[in-house]
Structure formats: structure tokens, C-alpha cells
2 protein chains.
Amino acid sequence: MNKPTPVHPELRDQAHQTRTTSAGWMLQRLACMTETQMQTRLKVHGLKMDHFIVLMALTEKEGASQTEIGEGLRLAGYTVSRALDALEKQGLVERKQDAQSRRTHRVFLTDDGRALMPSIFGIIGDLNKDLLDQLPAEDQQEFLRLLTVLTQAVGSGCG
Amino acid sequence: MNKPTPVHPELRDQAHQTRTTSAGWMLQRLACMTETQMQTRLKVHGLKMDHFIVLMALTEKEGASQTEIGEGLRLAGYTVSRALDALEKQGLVERKQDAQSRRTHRVFLTDDGRALMPSIFGIIGDLNKDLLDQLPAEDQQEFLRLLTVLTQAVGSGCG
DNA sequence: ACACGATACTTGCAATTGCAAATATTGCAA
DNA sequence: TTGCAATATTTGCAATTGCAAGTATCGTGT
């Protein structure tokens with residue numbers, strides 16, 4: 001006599017099903033957990049997620065303009081602007097005037113910034129290893145392959 | 001003669017490698033894109049991500065307390081509290097006093113709330129289909145299997 | 001040369017979020 | 001029974017974020 005409310009088993013089961021077996025939900029969960037771990041590890045170096053992404057972009061193309069840094073990534077212009085403010089204050093990057101255009105900044109890693117990157121790659125390597133090690137060896141390559149196909153298929157946006 | 005700055009090819013290549021081939025980065029990108037799509041579709045119904053997650057939790061266990069709703073999910077107590085404020089204002093849920101404890105609220109979907117869920121499941125189904133359809137048919141089950149192994153392995157946290 | 005729309009970046013302000021304190025209630029122990 | 005730590009939820013406030021407007025510069029057409 002402890003079921004006064006009529007429940008709705010079909011809906012309830014569908015919700016449970018969705019939460020435990022849908023690709024999107026699982027994807028969210030995995031991404032959230034790896035992001036949390038990344039944030040924790042980055043905090044040791046005084047960095048936030050956005051800052052880290054900007055550093056990665058700059059490592060890949062030193063001397064990029066702020067627009068170029070944000071391009072194709074999930075970062076709005078003002079996010080890049082404010083991330084650079086912080087990174088400059090930490091002495092990890094520097095803005096220089098573009099030779100051709102006075103409204104464009106060319107951004108470079110400082111020596112300190114470059115010196116920091118190996119530790120960051122170390123963190124990424126560790127976390128990727130931790131993640132993949134949850135899969136049996138024979139599945140790891142397969143998972144990477146599927147992720148690659150998907151990320152290439154979904155096109156640009158969100159970094 | 002257009003390379004005045006000595007660059008660092010090893011770091012640059014490592015950054016590129018990381019951005020394009022690491023599991024974590026690809027995971028982030030996929031999750032971000034599906035989340036963005038979800039947000040867009042939810043906005044049609046006047047819902048935000050948190051609200052949707054709370055509705056899912058309530059569908060799975062009607063009459064849950066606010067603490068129970070947040071439990072195991074990525075939602076802090078105050079997030080649940082404020083999400084319920086909004087959902088109650090929209091008439092989708094209602095807080096009732098618990099019979100045993102005056103400090104606990106039991107939360108229920110209203111008829112309107114229940115009526116909304118099928119469309120939401122429709123959205124989730126669509127998006128999951130869109131995602132999986134980026135993979136050849138023979139890989140779709142495999143991807144789901146790997147995701148399932150991983151989400152179960154990483155344990156609780158983040159929903 | 002000058003006007004005007006486009007581009008690159010920055011910033012004010014409002015909305016959102018997270019932490020930490022407040023409120024209300026409970027259970028347990030002295 | 002009384003006081004005190006624990007639990008459940010709410011809320012004030014500070015930090016963060018996003019939008020939209022602001023500043024500066026550029027390029028193009030006249």
C-alpha cells in the first residue's frame with residue numbers, strides 16, 4: 001500500500017534506457033569526466049581550460065592573430081581576448097603588433113610558455129592513457145579509429 | 001626569407017598531433033557538438049540542459065527528493081533547487097512535502113511535464129541517430145559497445 | 001582625399017554559475 | 001530534554017560568461 005501514485009512504467013523505462021545506453025548521454029559523461037580531470041591537472045599550473053586551449057593553438061601556429069586562434073575552435077573573440085590577458089599577466093604569451101596591420105596582434109609564446117608545454121603534453125598523454133586503458137588492448141585502436149571517423153564526419157565547430 | 005622567428009617544429013607537431021588524434025580531444029569535440037545541438041532543440045520547448053536532465057531524473061524516479069535527483073549526476077544541490085524553481089514556474093513539475101520529513105521535498109512531474117517527455121525522447125532519438133549514422137552500419141554497434149564499456153569503467157560522477 | 005562598411009579587438013553590463021553561509025529540520029547523545 | 005552535529009534545501013554574493021556595443025583601423029569606391 002505504498003504506491004499511492006500511478007506511475008508510468010513505459011516512460012520510466014525509456015528514461016532509464018536513454019541514460020544508460022544512448023550514445024549522446026555516454027559521450028557527455030565521458031567528456032565531462034575527462035574534462036574534470038584535465039581541469040584538476042591544469043590548475044596545478046595555474047591554467048584554466050580556455051587558457052590551455054589557447055596555448056595549444058599558439059603552439060601549433062605561433063604568431064597567429066587572435067582571430068586565427070579562435071577560428072574553428074569553440075572560442076569566441078572575447079574569450080581569446082580575455083584568455084590572453086591572463087596568459088600575458090602570467091608571462092606565458094606576448095602580443096606583438098602585426099607588421100602590416102595596426103589592428104591585428106600577432107601572439108607568441110614566451111620562453112616560459114614554451115617551457116611549460118612539455119608538462120602539458122605529459123598531462124594529456126597521461127589522461128588519454130588512463131582513458132584508453134579502460135579498454136582491452138585489442139579495442140583501443142578500434143575506439144580511436146571510430147572517434148576519428150566521427151570527428152571528421154561532424155565537421156567544424158566546437159574546436 | 002619570411003621566417004624571422006625560429007620555430008619549434010617538435011612542439012608544433014606534437015600540438016597538431018594532440019588536437020587531431022588524441023581520444024580526449026576528439027571526445028570533447030564530439031560531446032560539445034552534440035550538446036550544442038541538444039541545447040538548440042531543447043530551446044524550442046523552453047528548456048535548458050540542466051532542466052532537461054532534471055526532467056529525465058524525475059521520469060526515471062518520480063517522487064525523488066532533490067538530493068536524490070542530483071545524486072550521481074553532475075548537478076549540485078543548488079542547481080537542482082534553481083532548476084526546479086524554473087520548471088515549477090513552467091508548470092512541468094511540483095514539489096510536495098515528504099510524509100516523513102518536513103525538510104525533504106518529494107518532486108513529481110505534472111501532467112504537462114509527463115506530456116512533454118515523448119517529444120524529448122524524440123529529440124534524443126534523432127540526435128543519437130544523426131550521430132551514429134556518421135559511422136558505417138557495421139561500426140555502430142561496436143561504437144556503442146565501446147562507449148558502454150568505458151562509461152561503466154570510469155565509475156560515477158558527471159551524471 | 002573622404003565617406004562608409006568591414007575587420008580586429010576590447011569592454012560594459014546583464015545573466016549565469018559556484019561557493020559558502022543561512023534556514024529549517026532531524027536524529028543522536030549526554 | 002536539551003544541546004549539537006548532520007541533513008535538506010535555499011539564498012546572498014562574488015566570479016565567470018555571453019551578448020552587444022564601443023574603439024580603432026583598414027579597404028574600397030567616389
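Note that the structure is a prediction, hence the values are computed from the model and not measured. Chain identifiers are assigned alphabetically (A, B, ...) following the order of the sequence lines, protein sequences preceding nucleic acid strands; residue numbering begins at 1 within each chain.
- Between B:A23 and A:L131, the shortest heavy-atom contact is CB-CD2, 4.0 Å.
- Put simply, CG on B:L84 and CD1 on B:I69 are 5.0 Å apart, with the number rounded to the nearest 0.5 Å.
- For the side-chain hydrogen bond (donor to acceptor under 3.5 Å, both in side chains) test with A:R106, the passing option among A:Q100, A:Q97, A:Q66, A:E68 is A:E68; the others fail.
- Annotation: proximity of residues 36-57 of chain A to DNA chain C (heavy atom, distance under 4.0 Å) is found for no residue.
- Taking a 6.0 Å sphere around CD of A:Q141, one finds it holds 12 or fewer heavy atoms contributed by other residues, nucleotides or ligands.
- In terms of heavy atoms, A:T110 sits closest to A:G91 at OG1-O, 2.7 Å.
- Across every non-hydrogen atom of A:A31 and B:L27, the tightest pair is CB-O, 4.1 Å.
- Comment: B:R12 does not engage A:E62 in a salt bridge, judged by the lack of any side-chain N to carboxylate O separation of less than 4.0 angstrom.
- Between chain B and DNA chain D, the heavy-atom contact criterion of under 4.0 Å yields a 5' to 3' nucleotide range of D:dA6 to D:dG12.
- The nearest whole Å value for the distance from the CG atom in A:L87 to the P atom in C:dC9 is 15 Å.
- When both distances must be under 3.5 Å, the Watson-Crick or G-U wobble mate of D:dC13 is C:dG18.
- Note that CG of A:D13 is 8.0 Å distant from NE2 of A:H16, once rounded to the nearest 0.5 Å.
- At a threshold of 4.0 Å, the pair B:D50-B:R82 does not count as salt-bridged, since none of the basic side-chain nitrogens sits closer than that to a carboxylate oxygen.
- B:K129 and B:D126 are not joined by a salt bridge, as no carboxylate oxygen comes within less than 4.0 angstrom of a charged side-chain nitrogen.
- The stretch residues 90-107 of chain A touches DNA chain D through A:S101, A:R102, A:R103, each having a heavy atom under 4.0 angstrom from the strand.
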